2 protein chains.
Amino acid sequence: MKKDRPPVERGRPRNFDRALALRRAMEVFWERGYEGTSLSDLTEAMGIERPSLYAAFGCKEALFREAVDLYNEIEGVPAQRVLETAPTARQAIETMLRDYAATYTQAGKPPGCMIVLSALLGTPQNKDVRDHLARHRRESRVALKARIAHGMVEGDVPQTADAERIGGFYATLLEGLSIQARDGASRLDLEAIIDGAMAAWEPLVACRKTLPER
Amino acid sequence: MKKDRPPVERGRPRNFDRALALRRAMEVFWERGYEGTSLSDLTEAMGIERPSLYAAFGCKEALFREAVDLYNEIEGVPAQRVLETAPTARQAIETMLRDYAATYTQAGKPPGCMIVLSALLGTPQNKDVRDHLARHRRESRVALKARIAHGMVEGDVPQTADAERIGGFYATLLEGLSIQARDGASRLDLEAIIDGAMAAWEPLVACRKTLPER
DNA sequence: AGAATTATTTACTGATTGGTATGAAAAAGG
DNA sequence: CCTTTTTCATACCAATCAGTAAATAATTCT
């Protein structure tokens, strides 16, 4: 029968919003990278205590992977989807690049791509995390090249084009855009770079694939 | 009776090979990044004990900056110099890109560019280190754009070209190459991407600068 | 209502971080 | 030779790292 509970109640117990907490975690990882984010950074941003974090997400690495998945769903999938919906390979790639340029420079969110930036280098013991992101990037490159190959089947890209080279080129540029964004480039800056990259389309697809010499 | 000596001289002669130790430190930072490298990693690689490191280099950040300078001298300056020596802007940029492609994939050395990769994201307290590298990257971009503008003066690039856009494009691609290299791309892979980027040269320089609408 | 269960918080773990104090060894100077 | 100065290595520092144990508060189920 203690009716007089202390007015200063330190922790009010309530179920926290797991999805919201994950979003907050994503933003911190996106901003600081995997190794640059401490558990204290996470709990503070997520508004929960440490044991709640571990109960809900397992460990730091598992939380990061969930955050990456969420990032991919929110920022990556929409930009990737246009690879399927656009009528030509050229439109698909240009639209994808411009979509990414927009997501890389959203106000109030960290610049650049989380999957590109958040675990590039680090200690040997976090190699799994880096490999995980590298696998994501690899899938993106494969999808890009596949879209060009698809254009060759559909006829909007010459049969003689080198899908591997063209895809590698645009994938490289796309990943470079993340660094530009981190270095302060605005959306318009990125758009100008994409203008340049798209000016390359015609000579790129016109260039015949050079057969391996053997 | 104490002899008058220069005030707290920092660079006293050491028994170990300072230049060699610095090279070793550079390689570790290059491989693992600034925050991914611990003092223990450094002392082990450098073959010296911790107090010797501090006596010779000051602190971790100062050592990193010296390592960056050394990296730039060994790997960066030679590739940059061609911007001055090549007869045309196009040759300058193509040669530079291919030189970098070679340095990014040297056997026995970490792939990619230390200045691009080794401190992109991290904790707020290391912001100075990231800014230091960002300044290096900015200078590279400026030099690239200046070389194109120089070509416009010399006549090998049309007066109507947009040096800002073209330079931004090639700088972005160059930084993307570092990530490709980290993801396992070979020198030939990078060369193929550069082939694509150079195929873009003609339409790029032919594209008139779009005046700002105001 | 009261017991059982679930959440959540405080406070802690051992390991590791960047950075030093201290004392031994070696060299230099007389 | 002995003393003074310089260089190195052991051992330590407080702070922070990721991860937990134990205890307390709130909710659920009778």
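Residue numbers begin at 1 in each chain, while the letters A, B, ... track the order of the sequences. Keep in mind it's a predicted model, so treat the numbers as computed, not measured.
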| request: Rounded to the nearest angstrom, tell me the gap between atom CZ in Phe57(B) and atom P in dT20(C). | output: 16 Å
| task | Would you mind reading off the distance between Arg18(B) atom CZ and dC8(D) atom P, rounded to a whole angstrom? | result | 13 Å
| query | Do Lys60(B) and Tyr34(B) meet the cation-pi criteria used here (NZ or CZ under 6.0 Å from the six-membered ring centre, within 45° of the axis)? | reply | yes
| field | Ser40(A) or Ile48(B), whichever maps to the more 5' nucleotide of DNA chain D | value | Ile48(B)
| query | How close or far is atom P of dA9(D) from atom OH of Tyr54(B), stated in whole angstroms? | reply | 17 Å
| field | Residue pair Arg50(B) / Ser40(B), side-chain donor-acceptor N/O under 3.5 Å | value | yes
| said: Looking at Glu139(A) and Arg135(A), is there a salt bridge between them, counting it only when a charged N and a carboxylate O are closer than 4.0 Å? | reply: no
| Can a side chain N or O of Ser38(B) be found less than 4.0 Å away from OP1 or OP2 on dT16(C)? | no
| task | Rounded off to whole Å, could you give me the CZ-to-C1' distance for the Arg32(B) and dT17(C) pair? | result | 15 Å
| note | Gln125(A) CD to dA15(C) P, in whole Å, measures 14 Å
| note | Taken to the nearest whole Å, CG/Leu53(A) to P/dT10(C) is 16 Å
| Taking the side chain as C-beta and beyond, is there a heavy-atom pair between Leu22(A) and Leu63(A) under 4.5 Å? | yes
| field | Residue Pro51(A), side-chain heavy atoms: nucleotide from dG19(C), dT9(C), dC17(D) that is nearest | value | dT9(C)
| request: Identify whether any heavy atom of Thr37(B) sits under 4.0 Å from a base atom; if not, whether one sits that close to sugar-phosphate; answer base, sugar-phosphate or nothing. | output: sugar-phosphate
| request: Output yes when Asp195(B) and Arg98(B) qualify as a salt bridge under the 4.0 Å nitrogen-oxygen rule, no when they do not. | output: yes
| Please give, in whole Å, the distance from dC17(D) C1' to Glu35(A) CD? | 12 Å
| Whole Å only: how far is the CZ atom of Phe29(B) from the C1' atom of dG18(C)? | 11 Å
| To the side chain of Cys59(B), which of dA9(D), dG19(C), dT9(C) is closest? | dG19(C)
| message | Categorize Ser52(A) for me: base, sugar-phosphate, or nothing, with a 4.0 angstrom heavy-atom threshold over every strand shown. | response | base
| said: By nearest atom, which of the nucleotides dT20(C), dG19(D), dT10(C) is closest to the Glu49(A) side chain? | reply: dT10(C)
| Considering only heavy atoms and no angle criterion, is a donor-acceptor pair shorter than 3.5 Å present between the side chain of Arg50(A) and the base of dA18(D)? | yes
| Among dT9(C), dA18(D), dG18(C), the one nearest Lys60(A) by side-chain distance | dA18(D)
